[in-house]
Amino acid sequence: MHRAMEAPVDNRTLLDKIRSGDPGAFEDLVRAYGDSVYGFGIRMCGEREDAKDVLQDTLLQAFRKLRTLKHPEALKSWIFRVAANACLMKRRRGKYAPDREVSLDELAPRDAADAEAEIPDTAELPDASLEREEIRAEVRAAIEEIPPHYRVVLLLRDMEHLSSREVSEVLDLPETAVKMRLHRARLMVRRALERRAGGDAAREGRG
């Protein structure tokens, strides 16, 4: 799935349609959030089939339960709470569990620039250039290396562009914990990219 440039979602109208039983409400929900949830599932789970399951589970659960949501502005964070829980449950079943823990040395910041810069949203990079496609693949692979409880914060904050407060609500974490995990996740991705770049350089040197 690819994100199209569409008008911002009117969550109040969408919620009103769902509550009133409008026959087109589910299609509107899919159109509004389907691509975002699917893309999040791909990055979080790493497999298209799992991402499809997450998409289906999230939207069906949302459609059944959104009638009780009181505040339309909370709709996006509520949907991503469901999606994040679905992804994390899949990972806990073992197939995608991380194979190592991260050391404290890896988490230590080296300078202020590392702490502040965002990971680029790979969905926004153009496909025309092979070089950029390779960069996208490297970033995706680096993100897949980090533990899921850091990855989910990174994806929600840097790629889905939720605020720290919204991520806090999605994951039921204090906002300070969200910011700390985001900071650490960005560092881990950068170091994964550096390791990959170093490995590529060493292979070229032997070639």
Chemist: Please determine whether side chain to side chain contact (heavy atoms under 4.5 Å, CB included) holds for the pair D57 and V82, giving the CA-CA distance in whole Å, both sets of side-chain angles, and the decisive distance to 0.1 Å.
Modeler: CA-CA 8 Å; D57 293 348; V82 177; over 6 Å; no
Chemist: Look at the side chain of R151 and the backbone N and O of I146, then say whether any donor-acceptor pair between them is shorter than 3.5 Å.
Modeler: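 Confirmed, R151 side chain pairs with I146 backbone.
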Chemist: Can you list, pair by pair, the side-chain donor-acceptor contacts under 3.5 Å of residues 74-81, counting residues two or more places apart and other chains?
Modeler:
residue	atom	partner	partner atom	Å
K76	NZ	E160	O	3.2
S77	OG	A74	O	3.1
R81	NE	E169	O	3.4
R81	NH2	E169	O	2.1

Chemist: Looking at residues at least two apart in the chain, or sitting in another chain, which of them share a side-chain hydrogen bond (donor to acceptor under 3.5 Å, both in side chains) with N11?
Modeler: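 With sequence neighbours excluded, N11 shows a side-chain hydrogen bond (donor to acceptor under 3.5 Å, both in side chains) to Y33, given in chain and number order.
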Chemist: Do other residues, nucleotides or ligands put more than 12 heavy atoms under 6.0 Å from the CD atom of E27?
Modeler: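 No, not enclosed.
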Chemist: If I take atom NE2 from residue H149 and atom CG from residue L173, how far apart are they, to the nearest 0.5 angstrom?
Modeler: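 One gets 10.0 Å once the value is rounded to the nearest 0.5 Å.
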Chemist: Who passes side chain to side chain contact (heavy atoms under 4.5 Å, CB included) against A192, sequence neighbours left out?
Modeler: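 Counting only residues at least two positions away or on another chain, A192 forms a side chain to side chain contact (heavy atoms under 4.5 Å, CB included) with A142, E145, R195.
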Chemist: Let me see the working for I42 and V54 under side chain to side chain contact (heavy atoms under 4.5 Å, CB included), right down to the final yes or no.
Modeler: CA-CA 9 Å; I42 283 283; V54 167; over 6 Å; no
Chemist: Considering only NZ, NE, NH1 and NH2 on the basic side and carboxylate oxygens on the acidic side, decide whether K52 and E49 come within less than 4.0 Å.
Modeler: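 Yes.
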Chemist: If I compare all heavy atoms of F40 with all of V152, which pair ends up nearest, and what's the gap?
Modeler: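 Taking every non-hydrogen atom into account, CZ-CG2, 3.8 Å.
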Chemist: Using 0.5 Å steps for rounding, measure from the CG atom of L171 to the CG atom of L156.
Modeler: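 Rounded to the nearest 0.5 Å, the CG-CG separation comes to 5.5 Å.
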Chemist: Is the backbone of L55 close enough, under 3.5 Å, to the side chain of T58 for a donor and an acceptor to pair up by distance?
Modeler: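 A pair under 3.5 Å: no.
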Chemist: Identify the two heavy atoms, one from L154 and one from L182, that lie closest to each other, and give their separation to 0.1 Å.
Modeler: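 The pair with the smallest heavy-atom distance is CA-CD1, 4.0 Å.
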Chemist: Should we say atom CZ of R67 is surrounded by more than 12 heavy atoms from elsewhere, each under 6.0 Å from it?
Modeler: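 Yes, CZ of R67 has more than 12 neighbouring heavy atoms, counting only those of other groups under 6.0 Å.
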Chemist: Sub-3.5 Å donor-acceptor pair from the side chain of S168 to the main-chain atoms of S164, do we have one?
Modeler: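 Absent.
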Chemist: Decide yes or no on side chain to side chain contact (heavy atoms under 4.5 Å, CB included) for R186 and R190, but give the supporting numbers first.
Modeler: CA-CA 6 Å; R186 288 170 175 169; R190 278 181 175 73; 3.5 Å; yes
Chemist: Taking R157 for the side chain and L162 for the main chain, is one N or O donor matched with an acceptor at less than 3.5 Å?
Modeler: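 Looks like yes, one N/O pair under 3.5 Å.
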Chemist: To the nearest 0.5 Å, how far apart are CG in L155 and CE in M44?
Modeler: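 Those atoms lie 6.5 Å apart.
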Chemist: Hey, could you give me the OG1/CG distance between T13 and L15, rounded to the nearest 0.5 Å?
Modeler: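 These two atoms lie 9.5 Å from each other.
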Chemist: What closest approach, in Å, do L14 and A25 show between heavy atoms, and which atom pair accounts for it?
Modeler: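 For L14 versus A25, the nearest heavy atoms are CD1-O, 4.0 Å.
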Chemist: What about V153 and M180, same hydrophobic cluster or not, with Ile/Leu/Val/Met/Phe/Trp/Tyr joined at side-chain heavy-atom distances under 4.5 Å?
Modeler: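 No, because V153 and M180 fall into different hydrophobic clusters, even though each may have its own neighbours under 4.5 Å.
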Chemist: Please evaluate residues I18 and F26 with respect to the criterion side chain to side chain contact (heavy atoms under 4.5 Å, CB included), reporting the C-alpha separation (whole Å), side-chain torsions for both, the decisive distance (0.1 Å), and the verdict.
Modeler: CA-CA 7 Å; I18 292 172; F26 185 73; over 6 Å; no
Chemist: If only atom types and distance count, is the side chain of R184 paired as donor or acceptor with the main-chain N or O of Y150 below 3.5 Å?
Modeler: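 Not at all, since once roles are kept as given, no pair shorter than 3.5 Å links the two residues.
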